[in-house]
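Input: a single structure, listed below in structure tokens.
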Amino acid sequence: MAKYLDELNDPQREAVLHKDGPIMIIAGAGSGKTKVLTTRITHLMSAHNVDSFNILALTFTNKAAAEMKERIERILGNSEARNLYVGTFHSVFARILRGEANKIGYPNNFTIYDTDDAKSVVKTVINELNLDDKQYKPNVVYNRISAAKNALIGPAEYATDYGLQQEDARSNRPMIGQIYDAYSKRCFKNGAMDFDDLLFKMYILLKNHPESLSKYQHKFKYILIDEYQDTNPAQYEIIKLLGAMHENVCVVGDDAQSIYSFRGATIENILQFQKDYDDVKVVKLEQNYRSTKHILNVANEIISNNKNQIEKKLFTDNDEGEKIKLVRTMTDNDEGKMVADTIQEQKLRNHFFNKDFAILYRTNAQSRSFEEALRRMGIAYRIYGGMSFYQRKEIKDFIAYLRIISNTRDEEALKRIINYPGRGIGKTTIDKAVLLANENNLTLWEVLSNAGIYGFRSGTLESIDGFVTMIKMFQSELQKKNAYDLAIIVGKSTGIVKDLFNDKTTEGLARYENVQELLNSIKEFTETPMNEEDGEVGDKGLGTYLQQIVLLTDADDDKENADVVKLMTIHAAKGLEFPVVFVGGLEETLFPNAMSINTREELEEERRLFYVAITRAKTTLYLSFSNARYRFGQLQQNDPSRFLEEIPELHVDRSYAGGATRNNANSNQGNAFQRMQRGFGGSSSVREPSGNFPEKKKPAYSVPQARPQVKEHTVSENFVASDTSNLQEGQKVEHQKFGFGEVKKMEGSSHNPIATISFKDNGEKKIMLNYAKLRILETE
DNA sequence: GATTATATGGTTTTT
DNA sequence: CCATATAATC
């Protein structure tokens, strides 16, 4: 038996050894599903001689795909893995569509619109239909269109679907069908597809073009899908088409971790799978190798509150571990401080590195307080998600040039840069040109490049001609230069790079650096040898580059080994694991989020999200919530999350207080929530005066606070951290945070000296000199 | 047409 | 609070 099979448990091995026919693997959190997937692919190749060109594996992130390839390569010991078709649904389909676009009337170098571009088109279309964008909010309309596409409902069907029409009428938005139609037409005219089109058009292609369908059915003899619980109907149908010939479809998922229903994902796909295919083999992976017993038990308890789920019971042979820590803080800033303090302390006490910690939250906006606290402590961190690199204005502007060079039909790109940098082509001119384009059924670019015949004022005409000439020059350069060289020329000729360079403000500097980074990334792209099969769509050109970067998440480009604390939403943490995990903001209206408590389905998804958060932790889990936090610029009171009620008391440790020992009532009765309520004398109906919370106002039961209160100390102007290697007892010092004090005692090894210092305002503290910033006061 | 001041409104999660 | 949209002013 091959060595790699020995490393599997029974059900894992069963999943790997099953060769032909549909198989569904229900894989609990931390049960080694990635291992099963990679081993399965390896096994197909090495034991069954399946050609690597005939395997398709779909993942949710590019990073997961890269990791999978790498692992397979390692086991196989050769470079066959590079021939595998591994990637996200979106990137794999984009690649296929790039080759087949002509069949559905699109140019091969079609542009991919990100959400911002797409919403902007929606907005344009709404205005052009003379509809009120207050009534038809672009955001809402876009989501509606997106949902339709994910359910494979095109504009024609949308307009005639009674149910949908009723819904829209009821919500006072009866024209959405028309907007959808106009939006689709405009995208088509622009030679552009949005994210959902990558699925929708892929489906259309396979459905309407038997030769394409046949081609890919033959090619993909084995299909594997990761995170199956998060697939939507469009993805389901595509897979059904692709897999119809061989039926060698392997799906791996966990219904308990389904958290993308807002993107159209449905657990129905799991149930439907067993109906659509004959003799589906089902394997359950229930042994968790990731977490301690305490953590896993809490997770099991939480998820058992959901009615909708597939029967399974996760277990682990891992240690009992520590109880999970539950911390209440006063404000979101305190919460940030508590987490930063704890990380610092854990690093010292348990020799953790920064990269062993993850801070997870429900919404991106929560990152701020954590970020500030970490920065203040000098702890290196990285935020994933939020505004990604390619969404920044300066980057999008620059890329818009490349987009218009590659695809002149891309109206969004054109509008973005036609007057950036300023060249005297203002709103009036653009509106007029767009109108002309619409009236004459031309693209905006066509109007501009023939501006002479449309009676623009001579000055404006001159500007337009100058712009058009410049873009044409870029296009001719494209014939002889690679993407990087072209980008350099663009940066120079437009003056963008110079402008940014001359802007010496902090933001200007950052923008300049970002553009430089963009140029570097283009360079890297042009210099990296190409994946063999990308050759099928021609070049290593600009078009390929542009299509690639839109689908990049910033989780993808991670410097895996950087020693930084990771901050991200729970959604973004799916599939990852960390030794120590903090989950912040466990409060009503935030988590579960107020937007998602109106139906059982929504609430259960929030609970699954909580489940995902908990199961990211290997050894230590902190849950925190705050009395009040700033939202929309205002301090808002919140009750503790209802999910906390669901945690059995025996797994919880509330004595934790950011390192300080506290004598709190350790009653073993009731659950965490009840104790919390009691502790606060009947809950958060107690309104604190906004702003500062007086220290003295302690409840009868002392519920642990994040930290002993520190009297704020403002450091002296001339504060410079002194060399403390020769610190002596009796010396007077100033501490960055605790203020002035006197050294009472020196102890600890020379490696890790610890001073006991009596502070004027904050009492006696033990200070680790390796980390503290102390200024030794000159003794007279 | 560009620059600056003021108003508005938005936060759920992402490819 | 922050980012974007509109109005006001040059």
Side-chain angles (χ1 to χ4, degrees), chain A residues 58-65 87-94 112-116 118-120 123 127 133-134 137-140 142-143 146 149-150 193-200 227 230-232 234-235 258-265 332 360-369 384-388 390-393 419-431 457 459-460 463 547-556 568-574 585 589-598 602 605-606 608-610 612-613 629-636:
Chain A
L58 297 169
T59 62
F60 247 71
T61 61
N62 294 301
K63 189 184 155 207
T88 62
F89 279 90
H90 294 264
S91 68
V92 166
F93 295 166
I112 299 173
Y113 279 165
D114 67 19
T115 312
D116 290 337
K119 283 180 184 165
S120 163
K123 201 178 166 195
N127 290 332
D133 60 9
K134 291 264 183 337
K137 291 192 179 133
N139 232 327
V140 174
Y142 172 77
N143 287 333
S146 171
K149 281 190 198 168
N150 285 324
M193 296 193 200
D194 64 19
F195 287 143
D196 304 311
D197 282 332
L198 295 176
L199 307 179
F200 189 56
E227 308 283 11
D230 288 324
T231 54
N232 60 37
Q235 290 163 325
S258 165
I259 54 175
Y260 279 98
S261 73
F262 68 92
R263 220 165 73 189
D332 47 354
L360 309 182
Y361 35 77
R362 177 69 238 264
T363 64
N364 282 304
Q366 285 167 259
S367 67
R368 186 196 52 88
S369 55
Y384 292 80
M387 171 94 75
S388 93
Y390 293 101
Q391 286 176 296
R392 288 163 205 261
K393 189 187 172 300
N419 201 32
Y420 170 80
R423 46 175 76 88
I425 307 176
K427 193 174 180 306
T428 322
T429 310
I430 297 170
D431 285 348
R457 280 211 257 141
T460 353
S463 306
Q547 291 187 0
Q548 204 172 285
I549 55 169
V550 213
L551 298 172
L552 234 47
T553 321
D554 66 350
D556 296 330
M568 64 187 91
T569 62
I570 300 166
H571 282 91
K574 194 181 66 166
T589 76
L590 189 60
F591 193 15
N593 195 275
M595 307 294 289
S596 309
I597 49 173
N598 301 313
E602 284 176 352
E605 177 146 325
E606 292 287 297
R608 289 194 294 270
L609 197 53
F610 188 38
V612 169
R629 70 175 57 237
Y630 281 94
R631 273 177 121 184
F632 299 112
Q634 224 143 36
L635 202 63
Q636 190 189 65

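Each chain gets a letter, A, B and so on, in the order the sequences are listed, and its residues count up from 1.
- Taking only side-chain atoms of A:Asn364, from C-beta outward, the nucleotide of B:dT13, C:dA5, B:dT15 with the closest atom is B:dT13.
- With rounding to the nearest 0.5 Å, the separation of OH in A:Tyr361 from OG1 in A:Thr569 is 7.0 Å.
- Residue contacts shown for A:Thr115 include a base, since a base heavy atom lies under 4.0 Å away.
- If you check B:dG1, B:dT14, B:dT11 against the side chain of A:Thr460, the one that comes closest is B:dG1.
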Discussion item. With salt bridge (Lys or Arg N to Asp or Glu O under 4.0 Å) as the criterion, how do A:Arg368 and A:Asp332 come out once you've worked through the C-alpha distance, each side chain's angles and the decisive distance to 0.1 Å?
Written reply: CA-CA 9 Å; A:Arg368 186 196 52 88; A:Asp332 47 354; 3.5 Å; yes

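- In this structure, A:Asn150 does not reach the B:dT15 phosphate: none of its side-chain N or O atoms is under 4.0 Å from OP1 or OP2.
- Distance check on atom P: B:dT13 versus C:dT4 gives 16 Å, rounded to whole Å.
- Note on A:Asn139: every side-chain N or O is 4.0 Å or more away from OP1 and OP2 of B:dG9.
- When the side-chain nitrogen and oxygen atoms of A:Thr428 are compared with OP1 and OP2 of B:dG1, one or more of them lie within a distance under 4.0 Å.
- The side chain of A:Lys134 sits closest to B:dG9 out of B:dG9, B:dT15, B:dT13.
- Here A:Lys393 lies out of heavy-atom contact (under 4.0 Å) with every strand.
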Pairs under 3.5 Å (Watson-Crick or G-U), crossing ones as [ ], inter-strand ones as |: DNA chain B comes out as ||||||||||.....

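- Side-chain nitrogen and oxygen atoms of A:Asn419 include none within less than 4.0 Å of the OP1 or OP2 phosphate oxygen of B:dG1.
- Atom NZ of A:Lys119 sits in a crowded spot, with more than 12 heavy atoms from other residues, nucleotides or ligands closer than 6.0 Å.
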